[in-house]
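In what follows, a single structure is set out as structure tokens and then discussed.
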Amino acid sequence: MSKLPAFVKNAVTTVNMNYMRDDDWDPYYGGYLTLKYGANGAVTTVYSESEGGKETATGSAQLVPYEVDGNITKAWLYTALKPKGRDAFGVLLLLSIDTSKGNVYGDDVVVEEYLLEVDE
């Protein structure tokens, strides 16, 4: 197993879901998914309709590193959420994490790919 990146306290990444879609579901899902990094790869996931908006669902996930190439750690995480008034969804995020500064900040994380599943 690859080494977990060391995140600074309260590091957060906001993922815009407005262009994410399930191959079997249309239109795009929309909204924002916030990733709040904790210790030992724990991630709290929060869904909101707008960036910085009211939380309508929360969940948890585990960051799973699978490759290290120099200062870039590749990792995945999966979360399932059921926002109030919306269809439940699960999303697998494939992340690229820049560890060149030592401690990792939220903006050092980039979503490379995703797989979205929406329960209609």
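In what follows, residues are counted from 1 in the order of the sequence shown.
- Atom CD1 of residue I72 and atom NZ of residue K74 lie 7.0 Å apart, to the nearest 0.5 angstrom.
- In terms of hydrophobic clustering, with Ile, Leu, Val, Met, Phe, Trp and Tyr side chains grouped at heavy-atom distances under 4.5 Å, L33 and V110 are assigned to different clusters.
- No more than 12 heavy-atom neighbours from other residues, nucleotides or ligands sit within 6.0 angstrom of CD on E113.
- Judged by distance alone, with hydrogens and angles left aside, the side-chain atoms of T45 form no donor-acceptor pair with the main-chain N or O of T58 at under 3.5 Å.
- Linking Ile, Leu, Val, Met, Phe, Trp and Tyr whenever their side-chain heavy atoms come within less than 4.5 Å puts V91 and V118 in one cluster.
- Put simply, the residue from V15, T79, V111, T14 that forms a side chain to side chain contact (heavy atoms under 4.5 Å, CB included) with L35 is V15.
- Taking the side chain as every heavy atom from C-beta outward, K36 and V46 approach each other to under 4.5 Å.
- At a threshold of 4.5 Å between non-hydrogen side-chain atoms, the residues S48 and E55 do not count as touching.
- In terms of the salt bridge (Lys or Arg N to Asp or Glu O under 4.0 Å) criterion, residue partners of E49 (sequence neighbours excluded) are, by chain and number, R86.
- Of the charged side-chain nitrogens involved, at least one lies within less than 4.0 Å of a carboxylate oxygen, so that K101 and D108 count as a salt-bridged pair.
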For T13 and Y105, run side-chain hydrogen bond (donor to acceptor under 3.5 Å, both in side chains): C-alpha distance rounded to whole Å, both residues' side-chain angles, the deciding distance at 0.1 Å, then the answer.
CA-CA 8 Å; T13 302; Y105 294 82; over 6 Å; no
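- L4 contributes atom CG, which lies 8.5 Å from atom CD1 of I97 (distance to the nearest 0.5 angstrom).
- Note: F89 CZ to L81 CG = 4.5 Å, rounded to the nearest 0.5 Å.
- Here D98 contributes atom CG and L95 contributes atom CG; the two are 13.0 Å apart, rounded to the nearest 0.5 Å.
- Closest heavy-atom contact between P5 and P65: CD-CG, 4.5 Å.
- Atoms CG and OH, on L63 and Y37 in that order, are 7.0 Å from each other to the nearest 0.5 Å.
- For the pair N16 (side chain) and Y32 (backbone), a donor-acceptor distance under 3.5 Å is absent.
- Under the 30°/60° scheme for interplanar angles, the aromatic rings of Y29 and Y47 are found to stand perpendicular.
- Rounding to the nearest 0.5 Å places CG of L93 at 5.0 Å from CG of L77.
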Apply salt bridge (charged side-chain N to carboxylate O under 4.0 Å, His left out) to residues K3 and E67 and explain how you reach the verdict.
CA-CA 9 Å; K3 185 180 175 190; E67 180 183 324; over 6 Å; no
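- The hydrophobic clustering, which links ILVMFWY residues whose side-chain heavy atoms are closer than 4.5 Å, places W76 and L115 together.
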